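Because the structure is a prediction, the values reported are computed rather than measured.
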Amino acid sequence: MNQDEAYHVLVCYHCGNKTLMKQIAHYDRVTTDNVPSFGQMYSVSFYTDWDLYLCPVCDNVTLLKTTRNTEEFDESIGQMIRREEIIHPSVSLEASGIPENVRKSFEAALKIKNTEGTLCAIGIRRTLEMMCKNQQANGRDLYSKLKDLSDRGLLPPIVNEMASVLRELGNEAAHGDEREFSDEIIESMIKFTHVILDYVYNLPDKLAEIQNHLRKTVKGSADLQASITVRAQGEIVEPQDAE
């Protein structure tokens, strides 16, 4: 490893500083897949690197994942296209069916959770407001909108209790009340919001996928049973025949 490879300029989402970080650990993996094309097979190599960097400001670490493959090549620089993702601390959300504006709002709140608790609370409130608007929730404030979604079955009933807490915290943050937001409160708000977004946007697709799989499984079993029944009308079916 040379000196250039041992350092990287990154934003530290622990302290909020953009600084030159030293690489303190590295692991890489290479996999190769054979892909058919026009009757022939050719190989595509996938490269994944995990690098751990130490922030010189707050002495916390950032885990960076870098991916590239031989199919995506930038001719202008003569290199494979690199994609970087910060794995730790968590600053992203699984996209899935979540609208882009909702996802970006939540990710922006996550990025400042360790540096600006009040602004993070405002960002979480804004994220939930966007989600409510997207789901056409009725109500004069965030609490009543979340309750409307709960009454319509789009959110679980337990959301009522936590929603009232979020409403109070969000109001205090937005109105500039002098209050310390502890790490525990911020983490609870983040987890609650994460669950809500997953419940509204991702759970229906996951359930539909499971139902589709079950439907195919049941249909396959029914088809097999029908085939065995037809064969049994003219002959004795041995156990190995029904497998």
Open item on the list: According to salt bridge (charged side-chain N to carboxylate O under 4.0 Å, His left out), who are the partners of Asp51, at least two apart in sequence or on a separate chain?
Closed with: none
Could you grab the distance from atom [atom1] of [X] to atom [atom2] of [Y], nearest 0.5 Å is fine?
| X | Y | atom1 | atom2 | value |
| --- | --- | --- | --- | --- |
| Lys133 | Lys145 | NZ | NZ | 9.0 Å |
| Asn69 | Asp33 | CG | CG | 10.0 Å |
| Ile122 | Ser105 | CD1 | OG | 11.5 Å |
| Asp49 | Arg29 | CG | CZ | 10.5 Å |
| Arg140 | Asp148 | CZ | CG | 13.5 Å |
| Leu154 | Gln135 | CG | CD | 6.0 Å |

TODO: Could you walk me through whether Cys55 and Thr62 pass the side-chain contact (heavy atoms from CB on, under 4.5 Å) test, one step at a time?
DONE: CA-CA 8 Å; Cys55 175; Thr62 294; 5.8 Å; no
Open item on the list: Under 4.5 Å side-chain heavy-atom separation, chaining through any Ile, Leu, Val, Met, Phe, Trp or Tyr, what else clusters with Met80? Say none if it is isolated.
Closed with: Val30, Tyr47, Phe73
Task: Salt-bridge present (Arg68, Glu72; N to O < 4.0 Å) - done: no
Open item on the list: Under the criterion side-chain contact (heavy atoms from CB on, under 4.5 Å), I'd like the reasoning laid out for Thr127 against Leu197: C-alpha separation, chi angles, the key distance, then a yes or no.
Closed with: CA-CA 9 Å; Thr127 300; Leu197 295 180; 4.2 Å; yes
- [ ] May I ask you to decide if Gln23's main-chain N or O and His8's side chain share a donor-acceptor pair within less than 3.5 Å?
- [x] no
Which heavy atom in [X] sits nearest to a heavy atom in [Y], and how many Å separate them?
| X | Y | value |
| --- | --- | --- |
| Asp28 | His26 | OD2-NE2, 3.0 Å |
| Met21 | Val11 | CE-C, 4.0 Å |
| Ala109 | Cys120 | O-SG, 3.3 Å |
| Ala137 | Arg152 | CA-NH1, 3.8 Å |
| Ile186 | Lys113 | CG2-CB, 4.1 Å |
| Tyr53 | Tyr7 | CE2-C, 4.3 Å |

- [ ] Identify, with sequence neighbours excluded, every residue that meets side chain to side chain contact (heavy atoms under 4.5 Å, CB included) alongside Leu63.
- [x] Trp50, Leu52, Ile87, His88
Open item on the list: Between Leu110 and Val195, is there shared hydrophobic-cluster membership here, with clusters defined by ILVMFWY side-chain heavy atoms closer than 4.5 Å?
Closed with: no
Task: Ring geometry between Phe106 and His194 (parallel below 30°, tilted from 30 to 60°, perpendicular above 60°) - done: perpendicular
TODO: Check the pair Thr118 / Glu116 against side-chain contact (heavy atoms from CB on, under 4.5 Å), numbers first and verdict last.
DONE: CA-CA 6 Å; Thr118 300; Glu116 293 288 345; 5.6 Å; no
Task: Residue pair Leu146, Met131: steps toward the side-chain contact (heavy atoms from CB on, under 4.5 Å) verdict - done: CA-CA 9 Å; Leu146 289 173; Met131 184 272 296; 3.9 Å; yes
